[in-house]
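All values derive from a computational prediction rather than experimental measurement. Both ligands and their constituent atoms are indexed starting at 1 by order of listing. The figures here come from the full heavy-atom set of this structure, side chains too, leaving out hydrogens, waters and symmetry mates.
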Amino acid sequence: MNHLDFAKRIALDAGALIKSKLDAPYVTNEKSSSFDLVTEVDRAAEQLIRQRITEQYPGHAFLGEEESFEEAGGIGGELDKVYRVPFLWIVDPIDGTSNFVHQIPGFTVSIALACRGELVLGVIYDPSSGDLYWAEKGTGAYVNGSPITVSDANRLEQLMIGTGFPTDEGARAAVVECLGKLSPKCRSIRSMGSAALQLAYVASGKLGAYWEYGLSVWDTAAGVVLIQEAGGTVTDAAGQPFRLFMKNIVASNGRVQEQMLDHMKLVEA
Ligand code: IPD
Ligand code: CA
Ligand code: CA
C-alpha cells in the first residue's frame, strides 16, 4: 500500500472509531481554557493512528495534537528538526472537538505527510457526511474519488467565506475584527468549527475563502495540500507563502486572495 492509500485507510478507521463514540460516555478535559477541549476519544483516535503508522513505517516521525513535541518521535521539541526528518506524519485526530462534544456535525480527522518539511499529501475525513478528501503533491485533489477544484468566482460578493473562533483570546478578537470588515463585502460568512473541514471546502469550491488566526500545523497541513492541488492559494495574513508553523492563515481560490488580504491588513493579529 502506498503512503496515500495508507493515510486514507487510517483516516477512515479513526473516523469510524470517533463516530462510534458519539453517544458513548467519555471523559472531557479542558486544556488551556474552557474553550480548549480534549476527550478520551481524541486520545484514542490519535493512539490508533500513531500505532498504525509506527507499525507500518517504524522509521517515520509523528506529530499529533495530543502529544507534546517532546514526546513526538523524531522531533524531540526542536521544530527545526522537522525540516530534516525524511518523513513526518502530522495528525489532528479530531479537528472540531467542540462540535464532537456538542454533537454537532463537522468534526474531521486530518492527516498530512511532510518529507523534509515539504508537505506531500493530505487526507481529511468527515465521518458525519462520509466525505473523504485527499490530495497528493502533483496529482490533484479529490473527494470520494472525484476531482475537485477551487471556485472560479472573482469577487468576494459572489463567495461564501469561512472562519473560525480560535481558543486564544487575542487571536479570537482579531478574527472578530476581520469579520466585521469582511461581512459587508461577501455573500455570507460561515464558521463550521473545524479548520480542516473549511480548508477542504475551499479546495472543493464550496467556500471561496477561509481565514483564521492562532492555528497550529495539525489544523492546517492536510488542508493546505488539498487547496494547493485544487488550484488555490494559502498565505499568512501578510501575504507570505504558507510555512508549516505559521499561525495566521488566509486561504482562497487565488482569484480573491488579494481582496482577502486587503481586509486582513487592516487588523492587527
Ligand atoms: C480547532 C478547530 C476550530 C478552530 C480552532 C482549532 P480542535 O481545533 O479547528 O475550528 O477554530 O482554532 O483549535 O481543538 O478542535 O482540534
Ligand atoms: Ca485542530
Ligand atoms: Ca484536535
- Query: Is the F6-Y57 ring centre distance short of 6.0 angstrom?
  - Reply: yes
- Is the distance between the ring centroids of Y26 and F100 less than 6.0 Å? yes
What atoms of ligand 1 come closer than 4.0 angstrom to any heavy atom of [X]?
{"X": "L215", "value": "12 (O)"}
{"X": "E212", "value": "4 (C), 5 (C), 11 (O), 12 (O)"}
{"X": "D92", "value": "16 (O)"}
{"X": "F165", "value": "11 (O)"}
{"X": "P166", "value": "12 (O)"}
{"X": "G164", "value": "11 (O)"}

- Item | Shortest-distance N, O or S atom of E65 relative to the Ca ion (ligand 3) | OE1
- Message: Tell me the angle that OD2 of D92 and OD1 of D95 form around the Ca ion (ligand 2), rounded to 10°.
- Response: 90°
- Task: Please test L244 against V82 for side chain to side chain contact (heavy atoms under 4.5 Å, CB included), starting from the C-alpha separation and ending with a verdict.
- Result: CA-CA 9 Å; L244 277 185; V82 164; 3.4 Å; yes
Ligand 1 N/O within reach of [X] N/O, cut-off under 3.5 Å:
{"X": "S98", "result": "no"}
{"X": "T167", "result": "no"}
{"X": "I94", "result": "yes"}
{"X": "T97", "result": "yes"}
{"X": "D36", "result": "no"}

- Task: Assess D168 for proximity to ligand 1: is some non-hydrogen atom of it under 4.0 Å away?
- Result: no
So, are [X] and [Y] salt-bridged, with charged N and O less than 4.0 Å apart?
{"X": "E118", "Y": "K137", "value": "yes"}
{"X": "E65", "Y": "K31", "value": "yes"}
{"X": "K8", "Y": "E136", "value": "no"}

- Compare all side-chain heavy atoms of V250 with those of L261 and state whether any distance is below 4.5 angstrom. yes
- Parallel, tilted or perpendicular: which describes the rings of W89 and H60, with under 30° parallel and over 60° perpendicular? parallel
- Query: For the Ca ion (ligand 2), does an N/O/S atom of D219 lie at less than 3.0 Å?
  - Reply: yes
- Note on the structure: Checking heavy-atom distances from atom 3 (C) of ligand 1 to each of G96, G193, G106, the winner is G193
- Query: Does ligand 1 have a heavy atom under 4.0 Å from the side chain of A195, from its backbone, from both, or from neither?
  - Reply: both
